Trainee: 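Before we start, here is the structure in question, set down as C-alpha cells.
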Amino acid sequence: MKKSALLFALILAVLILPLQTLEAHPGRTDANGGHTCRTNCEKWGLQYGEYHYHNKGSSSSGSRSSGSSQAKPASSKPPAAKQAQPKPVLPKVIVAVDQANVFTAPSADSSVAATLWYGFELVDSGTHPAFVTIGQGFVSKKVITSYTPIPPKVVSIHADKGYFFSTPSAESRGRGYAVKYALVQVVGEHGDWYYGSTQDAQGNVLVGFVSKSVAY
C-alpha cells in the first residue's frame, strides 16, 4: 500500500513538473533582469532568440543582443548649414561721351562700325590694353568710365544747382544741372559720387554723376 502511494506521488510529480516549467517560462534572468527566449516563445508573444525583460514586463523590441548594450539615439539636431558667401559686386563700364565710335579694329584709324551713346553699358570680352572689345568691335578706353551698382534709391539736391558730370570728377565735361530739391534716381556710386538720373531746369532727362555733397 505504501509502495502504491509512493508510486502515485512520483507519477503525479512527473506530470505536474512540466506544467510548472511551461507556465514559468524557463530560463534564468541575467543581471539586467532579462534573458533570451528559447522555449515556447510564441506562447509569450515573442520570437525565438528575442531578448526581453522580466522585471519590466516587456520585451526589448526584437533585440538579440545583451540588454546592457543600448543603442544611443541619433541626434535630432540638423547639421549647421554653411553660410553662403555673398558674391562680389562688379563695376559696370559705360560710355562717358555723347557719341562713342565702335571701330572695326583696335585702332582709331580703322573704320567705324557703329556709334554708342552716353551711359551705354559695355562688357569687355577681350584683354586689349587700350580698347574694350565688344561684339560690334572695339571702343577706346579713353571714352569710358565706371560705377558700382547699388540698390536703387532716391536722393534730392540740397544746393541751388546740382551739377551732373560725365565721369565721377568735377574736371570732366558737365552734362547739366538740377535745381534745388530735385529728386535723383540713383543706381550706382563711385567714391564720393552718385550715378543716376533726374530732370534738368528745363524738364529734360539728365543722366550722369553728381557729388554726394549736394545730393543726399
Side-chain angles (χ1 to χ4, degrees), residues 77-216:
K77 185 178 181 180
K82 294 183 178 180
Q83 187 174 6
Q85 296 295 328
K87 293 183 179 180
V89 179
L90 300 178
K92 286 191 176 183
V93 177
I94 61 172
V95 172
V97 294
D98 291 335
Q99 291 184 334
N101 291 329
V102 181
F103 298 100
T104 56
S107 171
D109 296 329
S110 62
S111 59
V112 177
T115 302
L116 304 179
W117 57 92
Y118 179 84
F120 186 91
E121 183 179 350
L122 303 173
V123 179
D124 190 1
S125 59
T127 58
H128 197 281
F131 286 83
V132 174
T133 305
I134 60 175
Q136 299 95 325
F138 303 86
V139 178
S140 173
K141 290 185 178 180
K142 294 180 180 180
V143 296
I144 65 173
T145 188
S146 66
Y147 67 86
T148 301
I150 62 174
K153 65 178 182 178
V154 177
V155 297
S156 62
I157 302 298
H158 289 267
D160 291 337
K161 294 181 179 180
Y163 288 95
F164 281 66
F165 296 89
S166 300
T167 69
S169 170
E171 302 299 325
S172 64
R173 181 181 178 182
R175 297 187 54 78
Y177 68 89
V179 297
K180 192 173 185 178
Y181 304 128
L183 300 180
V184 182
Q185 303 288 333
V186 175
V187 295
E189 63 183 1
H190 187 125
D192 294 330
W193 297 79
Y194 280 131
Y195 177 76
S197 62
T198 186
Q199 288 185 338
D200 63 14
Q202 288 73 39
N204 300 316
V205 176
L206 179 61
V207 181
F209 291 86
V210 60
S211 174
K212 293 181 180 179
S213 63
V214 299
Y216 50 90

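Computed from a prediction, not measured in an experiment: that's the story for all the values here.
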Trainee: Does Phe103 offer a backbone N or O that forms a donor-acceptor pair with the side chain of Asn101 under 3.5 Å?
Mentor: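 No; zero donor-acceptor contacts below 3.5 Å.
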Trainee: After noting the C-alpha distance and the side-chain angles of Tyr194 and Val184, does the key distance pass the side chain to side chain contact (heavy atoms under 4.5 Å, CB included) rule?
Mentor: CA-CA 9 Å; Tyr194 280 131; Val184 182; 5.9 Å; no
Trainee: If a pair satisfies salt bridge (Lys or Arg N to Asp or Glu O under 4.0 Å) and one of its residues is in residues 110-134, list it, with sequence neighbours excluded.
Mentor: Lys92-Glu121
Trainee: Check whether the side chains of Ser211 and Ser213 place a donor and an acceptor atom closer than 3.5 Å, and report yes or no.
Mentor: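 Indeed, the side chains of Ser211 and Ser213 share at least one donor-acceptor pair under 3.5 Å.
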Trainee: By the salt bridge (Lys or Arg N to Asp or Glu O under 4.0 Å) test, which pairs, at least two apart or in different chains, include something from residues 106-115?
Mentor: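 Qualifying pairs: none.
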Trainee: Taking atom OG of Ser197 and atom OH of Tyr195, what is their separation to the nearest 0.5 Å?
Mentor: 8.0 Å
Trainee: For residues Ala113 and Thr104, report the shortest heavy-atom separation together with the two atoms involved.
Mentor: CB-CG2, 3.8 Å
Trainee: Please report, to 0.1 Å, the donor-acceptor pairs under 3.5 Å made by any side chain of residues 130-151, with sequence neighbours excluded.
Mentor:
from, atom 1, to, atom 2, distance (Å)
Ser140, OG, Lys142, N, 3.2
Lys141, NZ, His128, O, 3.1

Trainee: Tell me the closest heavy-atom pair linking Ala100 and Val95, and the distance in Å.
Mentor: CB-CG1, 3.5 Å
Trainee: If every non-hydrogen atom of Ser166 is compared with every non-hydrogen atom of Ala96, which pair is closest and at what distance?
Mentor: CB-O, 3.4 Å
Trainee: Sequence neighbours left out, what pairs pass salt bridge (Lys or Arg N to Asp or Glu O under 4.0 Å) with at least one residue falling in residues 161-170?
Mentor: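 Matches after skipping sequence neighbours: none remain.
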Trainee: Measure the spacing between CD of Gln99 and OH of Tyr118 and express it to the nearest 0.5 Å.
Mentor: 15.0 Å
Trainee: Would you name the heavy atoms of Thr198 and Leu183 that are closest together and state the gap between them?
Mentor: OG1-O, 2.6 Å
Trainee: Would you mind reporting whether Val155 and Val210 have side-chain heavy atoms less than 4.5 Å apart?
Mentor: no
Trainee: Going by ring-ring contact (aromatic ring centres under 6.0 Å, His included), Trp193 matches just one of Phe165, Phe209, Tyr216. Which one?
Mentor: Phe165
Trainee: Got a sec, which pairs hit salt bridge (Lys or Arg N to Asp or Glu O under 4.0 Å) with one end in residues 165-190, sequence neighbours left out?
Mentor: Asp98-Arg173, Asp98-Arg175, Glu189-Lys212
Trainee: Counting only heavy atoms not in Asn204, do more than 12 fall under 6.0 Å of its CG?
Mentor: yes
Trainee: Among residues at least two apart in sequence or on other chains, which ones pass side chain to side chain contact (heavy atoms under 4.5 Å, CB included) with Gln199?
Mentor: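 In terms of side chain to side chain contact (heavy atoms under 4.5 Å, CB included), with neighbours along the sequence ignored, Gln199 is linked to no residue.
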